[in-house]
Number of protein chains: 2
Amino acid sequence: METELRERIINASLVLFERHGFHGVTVNQIVETAGISKGGFYHHFSSKDELLFVIHDIFITYVLERAASSNQQSLPPATRLRSIIKDFVSVFDIYKAHLTVFYQESIYLKPEHEEIVKRKRQQFKGIIQSVIREGVDTGEFRKDLSIEITTMAILGMVNWTYKWYQRSGEKSIEEIADYYIDLILHAVLSDSTK
Amino acid sequence: METELRERIINASLVLFERHGFHGVTVNQIVETAGISKGGFYHHFSSKDELLFVIHDIFITYVLERAASSNQQSLPPATRLRSIIKDFVSVFDIYKAHLTVFYQESIYLKPEHEEIVKRKRQQFKGIIQSVIREGVDTGEFRKDLSIEITTMAILGMVNWTYKWYQRSGEKSIEEIADYYIDLILHAVLSDSTK
DNA sequence: CATTTATGACCGACTGGTTGGTCGGTATTG
DNA sequence: CAATACCGACCAACCAGTCGGTCATAAATG
């Protein structure tokens, strides 16, 4: 099976955007790296901005679906939190470039695109928030947790990984995920649950 | 006392870069916002790139100095870690725009500038790493901590704040800092120390 | 003290190179 | 014989940076 041209464009631009940023890469460079022509590019994408959106959307849609399915099973909050984090961190291996672009270049999204991405992003955040809230309610987590800050702290810890993680590095993404889970649960579980 | 033109340029560009990114802002816009001329701009800065570097350098130099002085006092690791985090997070109030530019736009630094910033950045990271290492050695922190991942987890949690913190928000930066410290110490302290 | 010379802050019209995007055309496929 | 996929020379807009010049103040000169 031959790689679709559309895929080739996305893959090429992903590599380039990750390294040089959206505005640090020209359409000509993308086209050259993908081994196609300018006309070919504009046959598949209406603009450079649309390409940026597509990259964002592929990523956030995928992540959101996984988190939602991890969250559906009726298991205790701590178990679900573990599963959501594990799932999300594992995404770094395959989607590292998407992720980097997602977190670095989203300011350059056009308003209409930004709106769509923002909505999905908040749904994802909502999932984590609700797990923590539930954990606090059931007494599994510490009663004195702030739902809002705890959510952002976890998201921050996890998201920041894109700044330093390398597939060739010492630790595998699985190890890092397990390590994060350990840290988070130590921070969040109530004394009686530990 | 009148504001120096140089200061005016930095303040104007900080606001603009924070919202639109380095490449989303033209020199003409900066000049207009600062209420000066293009000539005036290039009289004070050799290039737009140099301006970006200056913003980076002001921030990292300040942060590094504070962390170094918090770290010097010969206090137990947990106390020092507390102090470093409190100090760093407090910086968000005054330097939020610097910080945002620092984390978003550093890919656009020219190699020679990047080198300088990178070095200071690693010194900062080194300070946190050494506190954690010491804490593990003295037994104050859990023996099974990975120095490297723990450092990055803390940095991630804290740094991510720039994505959501607003001075007008519900929680003050002091509260957020204290909250982070609480989470981190729960995650990191050995059972005997708790 | 008056006058010339020098310096440095600041101005803004202009430019050369670059970039996202277009468009008329060709190749391929069902 | 459509229709769709793809090509690449070309263009208009934009943007960082330049450059010849003004003005105000200070130092040097007679």
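Proteins get letters first, then strands, A, B, ... in listed order; numbering begins at 1 in each.
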Please state how far atom [atom1] in [X] lies from atom [atom2] in [N], giving the value in whole angstrom units.
{"X": "A/Phe22", "N": "C/dT19", "atom1": "CZ", "atom2": "P", "result": "13 Å"}
{"X": "B/Leu5", "N": "C/dG8", "atom1": "CG", "atom2": "C1'", "result": "13 Å"}
{"X": "B/Arg6", "N": "C/dG8", "atom1": "CZ", "atom2": "P", "result": "17 Å"}
{"X": "B/Ile9", "N": "C/dC11", "atom1": "CD1", "atom2": "P", "result": "9 Å"}
{"X": "A/Gln29", "N": "C/dG21", "atom1": "CD", "atom2": "C1'", "result": "16 Å"}
{"X": "A/Asn28", "N": "C/dT22", "atom1": "CG", "atom2": "P", "result": "14 Å"}
{"X": "B/Lys48", "N": "D/dT18", "atom1": "NZ", "atom2": "P", "result": "15 Å"}
{"X": "A/His23", "N": "C/dT19", "atom1": "NE2", "atom2": "C1'", "result": "11 Å"}

Salt bridge flag under 4.0 Å for residues [X] and [Y]:
{"X": "A/Arg80", "Y": "A/Glu140", "result": "no"}
{"X": "A/Asp182", "Y": "A/Arg82", "result": "no"}
{"X": "B/Lys86", "Y": "B/Glu174", "result": "yes"}
{"X": "B/Glu115", "Y": "B/Arg119", "result": "yes"}
{"X": "B/Lys120", "Y": "B/Asp57", "result": "yes"}

Modelled atom types, side-chain donor and acceptor of A/Ser47 and A/Tyr42, under 3.5 Å: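 Side chains of A/Ser47 and A/Tyr42: no pair found under 3.5 Å.
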Any residue of residues 30-47 of chain B with a heavy atom less than 4.0 Å from an atom of DNA chain D: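 Going residue by residue through residues 30-47 of chain B, the ones with a heavy atom under 4.0 Å of DNA chain D turn out to be B/Lys38, B/Tyr42, B/Ser47.
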